[in-house]
There are 2 protein chains.
Amino acid sequence: MNRPDILSPGEPEIDAVTAQCFVRFEEAFGTRGFAWDVQAQIMSLGKAIEIGKGKSAAIFSDEDSLVFLAEGACKLVAWAALDRAQVLSFHFAGDLVSVPARAEHEYGLIALTPSQILSFPTRRFLQAVNEESKLLVELHRRTDAALAECRDDSVGLGRKTAQERVARLLMQMAGRIGVASDNEVLIELPMSRGDIADSLGLTIETVSRQFGELRDAGLIETGGRSGVRVLDPEALLQRAGPTCPRV
Amino acid sequence: MNRPDILSPGEPEIDAVTAQCFVRFEEAFGTRGFAWDVQAQIMSLGKAIEIGKGKSAAIFSDEDSLVFLAEGACKLVAWAALDRAQVLSFHFAGDLVSVPARAEHEYGLIALTPSQILSFPTRRFLQAVNEESKLLVELHRRTDAALAECRDDSVGLGRKTAQERVARLLMQMAGRIGVASDNEVLIELPMSRGDIADSLGLTIETVSRQFGELRDAGLIETGGRSGVRVLDPEALLQRAGPTCPRV
DNA sequence: CGACTCTTTGAGGGGCGTCAACTAAAGTGG
DNA sequence: CCACTTTAGTTGACGCCCCTCAAAGAGTCG
């Protein structure tokens, strides 16, 4: 290991993933200007992993993790019971996900599409970047935003009808991964109906029925299993139910 | 204002509140050792307010706020509709609450009991403590914990029965503000049945019925409107439903 | 003690879960 | 490229839990 530039021939693919993950991470958080020893510590702490569809990311089991999603799409799940999972959030490339080792429930990050993640042990990561207050501020900003989003989701779970929940999720996905054209939005959903149901606190059947109703109402079209075309975003937002008007 | 030690005689009560709030804040976050100018900035940014029961805290309306609850008990609410509020969390003395100015919904912090709060504008607060990385780490730790709690609550809202939700909330409150004696726990609930209902996504009537069932089952006793005696914590936890076993 | 609010209790109805059967889509091996 | 298998999604019938509406009881404050 005298010349770190030379990759170990035994595992060239792994190192390519690692390289790409760190490049994306640097772009997102601007760590390039950091002191060399801090950068070295960050690189030694971060484990880059490529995970296949449906596979769970190998999170540090005994401590909280900070996961940067460099490529792909994932779901964050908590097991309410041994058999039933609750999906807490969907994540896409560029997201930073805080995964507790163990709160009231057990957590896991599962790939919806083949993904590349960079996983840090939170405590040691914080120690390493202790003096880089700019990164700490950005970290707080992202965590705070995630908290606000989680709270908004709680409002959605609280007392909304099945149709309001499905419509809201579709509008969220439209904004996140939708492709706008004319007054329409095309969405290629990376998650299954079951994932959607688990995230909205509904059953697969109910989600499917709501898709059907929205289709019959002419608000959306569905193509294949994952394709959704939002024909009338305005009306769909209406069906998402009352939200306090943003002045 | 040449001698800051001398309080303005026009508002002695306000200044006593301010003083107590900052003392509590210093104790909680260890800001005493900070540079003088940082401490001065923090003090100039923080607005100490005493709020009566049922009153909304005067949050900075146009920017995110960071609120330290020095004394009392509050609820964080989001308005799902103009008439209906969703309670997102209950807070007690020592808590730090992040209140977004405006996310998908509008937020408010409302006192359950007469409270004293210290309110900061988040952005400027972060600028002021930019170099105090120890405080930034503590800030991240608390926000991360709040996020984990919010997620656990989401699991609870997702697909649990009314009784499981009520039982879980009672156990949470027992742990937070309960007084243990023998194998019992005494709780003095600062929030109404309506607040509980709004936080669990239920109606007042359903919450009341669940209290009744738990009482009939001999798991709890109720005294007055706010008093609850948990007679059998074990059995109550059972009724809170399945959680992944903490190894 | 009286007026108010909060809580409790009851009767009835609707939305979503449950169970079941069927259809469509995607992967597999020849 | 096509039959076969497997998985995911759709649709229908039925029942239960919780919301709705209504009224009476308990607690608190003037």
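So you know, we letter chains A, B, ... as the sequences are listed, proteins then strands, and number each from 1. Here the structure is a predicted model, which means the values were calculated and not measured.
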Check ion pair A/Arg159-B/Asp198 (N to O, under 4.0 angstrom):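 Looking at B/Asp198 together with A/Arg159, the answer is yes, because their closest N to O distance falls below 4.0 Å.
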
Lys/Arg N to Asp/Glu carboxylate O, A/Asp153 vs A/Arg168, below 4.0 Å: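 Salt bridge: yes.
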
Rounded distance (Å) that lies between atom [atom2] of [N] and atom [atom1] of [X]:
X: A/Ile220; N: D/dT10; atom1: CD1; atom2: P; result: 9 Å
X: A/Leu200; N: C/dC16; atom1: CG; atom2: P; result: 12 Å
X: A/Arg165; N: C/dG15; atom1: CZ; atom2: P; result: 14 Å
X: B/Lys160; N: D/dC18; atom1: NZ; atom2: C1'; result: 18 Å
X: B/Gln210; N: D/dC19; atom1: CD; atom2: P; result: 10 Å
X: B/Gln163; N: D/dC17; atom1: CD; atom2: P; result: 11 Å

Below 4.0 Å: OP1/OP2 of D/dC19 and any side-chain N or O of B/Thr203: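 Yes, because at least one side-chain N or O of B/Thr203 sits under 4.0 Å from OP1 or OP2 of D/dC19.
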
Stepwise side-chain hydrogen bond (donor to acceptor under 3.5 Å, both in side chains) test for B/Asp144 and A/Thr143: CA-CA 6 Å; B/Asp144 213 34; A/Thr143 310; 4.7 Å; no

Close side-chain approach of B/Val228 to B/Glu221, heavy-atom, < 4.5 Å: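 No, every pair of side-chain atoms sits at 4.5 Å or beyond.
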
Member of B/Leu69, B/Ile117, B/Ile49, B/Leu118 meeting the side chain to side chain contact (heavy atoms under 4.5 Å, CB included) criterion with B/Cys21: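 Considering B/Leu69, B/Ile117, B/Ile49, B/Leu118, a side chain to side chain contact (heavy atoms under 4.5 Å, CB included) with B/Cys21 is found only for B/Leu118.
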
Partner set under side-chain hydrogen bond (donor to acceptor under 3.5 Å, both in side chains) for B/Arg193, not counting sequence neighbours: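 B/Arg193 satisfies side-chain hydrogen bond (donor to acceptor under 3.5 Å, both in side chains) with no other residue.
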
Under 4.0 Å protein heavy-atom contact, by nucleotide of nucleotides 1-11 of chain C - B base, S sugar-phosphate only: ----BBSBBBB

Axis bend over the full length of the helix from C/dC1-D/dG30 to C/dG30-D/dC1, computed from five pairs that close each end, to 10 degrees: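 For the helix from C/dC1-D/dG30 to C/dG30-D/dC1, the axes at either end differ by 50°.
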
Parallel, tilted or perpendicular, as decided by the 30° and 60° cut-offs, for the rings of B/Phe25 and B/Phe120: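 B/Phe120 vs B/Phe25 ring planes: tilted.
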
B/Asp64 and B/Tyr107 side chains, donor-acceptor separation under 3.5 Å: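 Checked: B/Tyr107/B/Asp64 side chains show no N/O donor-acceptor pair below 3.5 Å.
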
B/Glu71 side chain to B/Ser115 side chain, donor-acceptor N/O pair below 3.5 angstrom: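 Distance-only check fails for B/Glu71 and B/Ser115.
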
Sugar-phosphate, base or nothing in reach of B/Gly201, heavy atoms under 4.0 Å: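 Sugar-phosphate only.
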
Touch class at under 4.0 angstrom, heavy-atom based, for A/Gly223 against every strand present: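 Since no nucleic acid heavy atom lies under 4.0 Å of A/Gly223, the category is nothing.
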
